[in-house]
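In what follows, a structure is listed as structure tokens, so that the remarks can point back to it.
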Protein chains: 2
Amino acid sequence: MKRRSDCPISNVLGHVGDKWSLLILRDMMFFEKKTYSELQNSDEKMATNILSSRLERLEKSGLITKQTDANDKRRKVYKLTQAGIDMLPILLEMIAWSSKYRPETNTYPEFYEAIQINRDRLIKDLSAELQASFT
Amino acid sequence: MKRRSDCPISNVLGHVGDKWSLLILRDMMFFEKKTYSELQNSDEKMATNILSSRLERLEKSGLITKQTDANDKRRKVYKLTQAGIDMLPILLEMIAWSSKYRPETNTYPEFYEAIQINRDRLIKDLSAELQASFT
DNA sequence: ATATTAACTTGCATTTCGAAAGTTAATTTT
DNA sequence: AAAATTAACTTTCGAAATGCAAGTTAATAT
């Protein structure tokens, strides 16, 4: 996506400001999805061509990496980079907002409670966990 | 936008998961824009028909309200609701991410420093300020 | 009374999206 | 070794969203 201004918010939206990219990151962060087929089976069922183009863009943006699985060369393994992992606080704030204003859609109650009690701790723990799983 | 799943992240994206909606909220929060013409003159210059449809959707989502100005009935004044104000943390996390990974785009250094030092304080202060200005 | 302003709406070309079918290379099954 | 299956895409094409320019309407300013 082309750059639209020097605004940092606009910049982030340039990377993930569409309907799908943040859901891909969500699936990688919270549901440990790492392959094309796993990602395609999300609740929202995105079209394969869109998934393909979003993965390509996320890679170009430096939020994920793509490697061929050594044991099965058909499989491509997608991993979050540190920049990708650091999108976590944005996602957590979305969960927090929804929990407050759309409680019926909150399916991550454990995060919501944890974020209220100690947000920094939660982010550190989750980040560390993600870092470990992507190395 | 139609509901796509019960996921809270997906829900938020249902309200603001496009290229423009969060920029409208940004302009209202950080630049005190409150009318159509003010919003149209953002850095990114969104098309008028898109602005119109996004404002309508934000209103339906309960993030903003629309009132006719008492002194000039041509003017429609848009205001953030509490739910809209509570999108602030999401925007601040975007600023934080950009500050870290795209420092050249960071044009809100004052927020970035403040968020590092005392995030909760900053959010409280900004929220209070916004609440005051929208009543 | 005329011109200007604010907030849209409309028409239309271009771009993006979405569903389904097709392709390619690697692996598994027979 | 041949056939079937699987993973990860790519292609096609109709539908929907976007972007640009021009037009509309009501209110205010001159």
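Convention: sequence-line order gives letters A, B, ...; per-chain numbering from 1. Below, each value reflects all heavy atoms present in this structure, side chains not excepted, and no hydrogens, waters or symmetry copies.
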Is there a side-chain contact between A:Val16 and A:Ile90 (heavy atoms, below 4.5 Å)?
no
4.5 Å side-chain heavy-atom contact, A:Ile95 and A:Ile115:
no
Same apolar cluster (I L V M F W Y, side chains within < 4.5 Å links), B:Phe30/B:Leu25
yes
Sub-4.5 Å side-chain heavy-atom contact between A:Met46 and A:Lys19:
no
For every nucleotide of nucleotides 8-18 of chain D, 5' to 3': is a protein heavy atom under 4.0 Å from its base (B), only from its sugar-phosphate (S), or from neither (-)?
SBBBB-----S
Evaluate the criterion salt bridge (Lys or Arg N to Asp or Glu O under 4.0 Å) for residue pair B:Asp18 and B:Arg57; output intermediate values, then yes/no.
CA-CA 11 Å; B:Asp18 66 288; B:Arg57 199 168 74 187; 3.0 Å; yes
Quick check for you: to the nearest 0.5 Å, what is the distance between B:Ile64 atom CD1 and B:Tyr78 atom OH?
6.5 Å
Let me test you: for the helix from C:dA1-D:dT30 to C:dT30-D:dA1, what is the angle between the axes at its two ends (five pairs each), rounded to 10 degrees?
10°
Residue met sooner reading DNA chain C from 5', once A:Met46 and A:Lys73 are mapped to nucleotides:
A:Met46
Sugar-phosphate, base or nothing in reach of A:Asp69, heavy atoms under 4.0 Å:
nothing
Main chain of A:Lys76, side chain of A:Thr35: is a donor-acceptor contact present, judged purely on distance under 3.5 Å?
no
For B:Glu113, look at atom CD and say whether over 12 heavy atoms of other residues, nucleotides or ligands are found less than 6.0 Å away.
no
